[in-house]
2 protein chains.
Amino acid sequence: MVTLKHLAEQLNVSVSTVSKALKNSEEISPETIERVQALAKFLNYKPNRLAVSLKSSRTNTIGVIIPNILNHFFAKALFAIEQEASKHGYNIITCLSNEKQSKETDSLQLLSNGSVDGFIVSIAEETQINNNLDHLNAIIRQNIPLVLFDRVSDEINCDKVVIDDFGAANEATNHLVSEGRKNIILIGDIENLSVGKLRTNGYLDAIEKASGYSENPKVYTIKKKDKVEDVVTQLFDENPKVDAIISIDNVSGVAALQKALQLNYKVPEDLSIIGFSDENVLPFTYPKLSTISQHTIDIGKSSVSLLIDRLKNEDETDKMKTKTIKTNLVLRGTTK
Amino acid sequence: MVTLKHLAEQLNVSVSTVSKALKNSEEISPETIERVQALAKFLNYKPNRLAVSLKSSRTNTIGVIIPNILNHFFAKALFAIEQEASKHGYNIITCLSNEKQSKETDSLQLLSNGSVDGFIVSIAEETQINNNLDHLNAIIRQNIPLVLFDRVSDEINCDKVVIDDFGAANEATNHLVSEGRKNIILIGDIENLSVGKLRTNGYLDAIEKASGYSENPKVYTIKKKDKVEDVVTQLFDENPKVDAIISIDNVSGVAALQKALQLNYKVPEDLSIIGFSDENVLPFTYPKLSTISQHTIDIGKSSVSLLIDRLKNEDETDKMKTKTIKTNLVLRGTTK
DNA sequence: TTGAAAGCGCTAACAT
DNA sequence: ATGTTAGCGCTTTCAA
């Protein structure tokens, strides 16, 4: 690896001269600058990031902790985060908590010692269930900027990026009611999560307030040990007269649609289905799934923006911000 | 941030004593060790990784460059890489080339200055098309260990992890022939990639050698600008008598299946379909898609293993290894 | 215009 | 058993 020292020796000047020359410092004569830069280029000199960071206490690196990269929502969020970070000259160190609190804690600990300038985190399922947030609050106490997205907590005082989960599910349910549906069932695998609870409440609220709706609300939860397909099958077994399904995660809607078609329900004549996802998880189904569309790219980008703003004004004690990203109800082929 | 110096001052000992005490050095008295570790724990001391790395020239970080995180194959590979790396005490810095050569080059450059100990890379599409591999060979010239996976090149002398693309497609095609299929069509969106070419050749070879097969081989390519669905539709329009489809990417098989069902083909009676993917991209279709199954977790894990081996024996000039991960032909519902 | 020196936080060889 | 020193590669103040 070629260092300033190498260059300095080759050129018979001091290290500090080289350093300044590479930065086009006014202090250095044009000829020297020329010579230094020429050699640097020739030898493909690149400043050692570790040394620069150690010196400056800035790493230009963001630690990103994602619960589950196999979930398309998080893959897309990571995509957006990387793109936006990269645009601003930041690298990302990615850790995957795999929904485990221990992994989340370890990653946070490991990186909070000068490895990153700040964190973007979506909270692991286990952490949300236990509601043990010490490790996250420890980061805040160390004054390391933190942005939470999607899976957030009121008990952590930091910048956040969320969607209006309650409102989105509420709107979708209201749409189904306005279609004249009388037996609307909710299905999902995220009841443990903050977002899952909000979405479920949005559904319950809409059902409760629906005039002329007599059925009780029904919620089917897919647990870790369950197979999505089995729960879907059970739903249809137990509710042959179901006329609308709202899915609050990004796979069970597709599963419900496939099962419904297999059982010869007419979609959307007999049965409406609304999924919850960034875009159609399966763009190839027929009919195409209607969805509550969350703008995942915006979620990722906003997270980076909030973090970088905070990084720039670390002294300023701005109030922490919560940014809510709009959702859309996109009616495609599985609603009337 | 609490440093050795802080601890040393508080305890009235020298920095080096603290450093050694934290490592349970024999040189230090048990009492001192006790005192030091107690305070370190109390103050939640964590060694600064930058300083340790700068000193030791080892970062315990792997640079991972992925062409497209929205492709489930790469998401899963990243999942496996992170898991295996983490198991061995390595962090990963993730860069997404988004199939662009420029981004791939930038990331490689940026991280090759002491930020990472080695790289795991799958080559961007643009890079493979242009076949401009200077940036990768530059890494090798700097003696930075590099492992390529999936999308590799003969012109780069490094460790590699691949699957037997030719053999897998060959076997799948032979299966279709043995089913008695007479009009087997290949579809895919990766003709530009090394793996795409190999898979296509595997198909062509099988067709050529199939006794009693009279049709010419037919290949449908989905270009960047095309929509998968449109190409699938075109395939069925132009070949109403198609009786088997083999997909060499991980989405077009699903699209073909959905389209076939919509067109009222009987699957698998009239038409067999074989996809190419880790697992069923859409586990909810009916019938379930038969696939060439690539063991993506193994691909990711092996990449990490090869890299770590190389890192441990950087002096040893072992021959570079290419590891081939087995594939399986998994016959589910879309083959006879 | 250039260079010397200190220091970021840590380790390790070499005193004491 | 503990401390001093030098140095990883870089930046920056201060001196020449």
Side-chain angles (χ1 to χ4, degrees), chain A residues 1-37 39-40 43-61 109-117 142-144 314, chain B residues 1-37 39-40 43-61 109-117 142 144:
Chain A
M1 163 175 268
V2 31
T3 68
L4 290 186
K5 200 170 157 190
H6 288 108
L7 300 180
E9 280 164 1
Q10 298 253 336
L11 294 166
N12 277 311
V13 294
S14 76
V15 168
S16 55
T17 301
V18 175
S19 173
K20 289 168 187 166
L22 288 173
K23 300 193 157 47
N24 291 307
S25 163
E26 305 267 283
E27 295 180 15
I28 307 296
S29 72
E31 307 84 65
T32 309
I33 290 184
E34 175 86 2
R35 288 204 311 143
V36 169
Q37 296 194 352
L39 184 65
L43 296 181
N44 192 29
Y45 166 79
K46 291 281 153 49
N48 182 311
R49 272 188 71 238
L50 295 175
V52 175
S53 294
L54 181 58
K55 185 72 190 162
S56 65
S57 320
R58 304 199 79 257
T59 61
N60 278 287
T61 302
Q109 288 258 350
L110 189 70
L111 296 181
S112 59
N113 306 285
S115 301
V116 301
D117 294 341
Q142 294 171 68
N143 285 312
I144 303 175
E314 253 181 292
Chain B
M1 164 176 264
V2 33
T3 68
L4 289 187
K5 202 170 156 191
H6 288 108
L7 300 180
E9 280 164 2
Q10 299 253 335
L11 295 165
N12 278 310
V13 294
S14 76
V15 168
S16 59
T17 301
V18 176
S19 173
K20 287 169 188 165
L22 288 172
K23 300 194 157 47
N24 290 309
S25 162
E26 307 267 284
E27 293 180 18
I28 307 296
S29 74
E31 307 85 65
T32 308
I33 290 184
E34 174 87 359
R35 288 201 314 142
V36 169
Q37 297 194 352
L39 184 65
L43 296 180
N44 193 26
Y45 166 79
K46 291 283 155 47
N48 182 310
R49 273 187 69 237
L50 295 174
V52 175
S53 294
L54 181 58
K55 183 73 190 160
S56 66
S57 327
R58 304 199 78 257
T59 62
N60 278 288
T61 301
Q109 288 257 350
L110 189 69
L111 296 181
S112 59
N113 307 285
S115 301
V116 301
D117 294 342
Q142 294 171 68
I144 303 176

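Chain identifiers are assigned alphabetically (A, B, ...) following the order of the sequence lines, protein sequences preceding nucleic acid strands; residue numbering begins at 1 within each chain.
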For [X] and [N], what is the distance between atoms [atom1] and [atom2] respectively, to the nearest whole Å?
X: B:His6; N: C:dC8; atom1: NE2; atom2: C1'; answer: 12 Å
X: B:Arg58; N: C:dA12; atom1: CZ; atom2: P; answer: 13 Å
X: B:Asn60; N: C:dC10; atom1: CG; atom2: P; answer: 16 Å

Exercise. How about B:Glu34: does its CD atom have over 12 heavy atoms from other parts shown lying under 6.0 Å from it?
Worked result: no

Problem set entry | Near-strand residues of residues 28-36 of chain A, defined as heavy-atom separation under 4.0 angstrom from DNA chain C | A:Ile28, A:Ser29, A:Thr32

Exercise. Taking protein heavy atoms under 4.0 Å as touching, what does nucleotides 9-16 of chain D look like 5' to 3' if B marks base contact, S marks sugar-phosphate-only contact and - marks none?
Worked result: BBBBB---

Please tell me if the side chains of [X] and [Y] come closer than 4.5 Å, counting only heavy atoms from C-beta onward.
X: A:Lys20; Y: A:Val36; answer: no
X: A:Tyr45; Y: A:Leu4; answer: yes
X: A:Ile28; Y: A:Thr17; answer: yes

Taking all non-hydrogen atoms of both residues into account, name the closest pair between [X] and [Y] and its distance.
X: A:Val13; Y: A:Arg35; value: CG1-NH2, 3.8 Å
X: B:Ser53; Y: A:Leu50; value: CB-CD1, 3.5 Å
X: B:Met1; Y: A:Ser112; value: CE-O, 4.4 Å

Exercise. Between CD of A:Gln10 and NZ of A:Lys5, what distance do you get to the nearest 0.5 Å?
Worked result: 13.5 Å

Exercise. Hey, what do you get for OG1 (B:Thr3) to NZ (B:Lys46), rounding to the nearest 0.5 Å?
Worked result: 14.5 Å

Exercise. How bent is the helix from C:dT1-D:dA16 to C:dT16-D:dA1, comparing axes over its five end pairs at each side, to the nearest 10°?
Worked result: 60°

For this session: Answer yes or no: is there a donor N or O on one side and an acceptor on the other, between the side chain of B:Thr59 and the main chain of B:Asp117, under 3.5 Å?
Result: yes

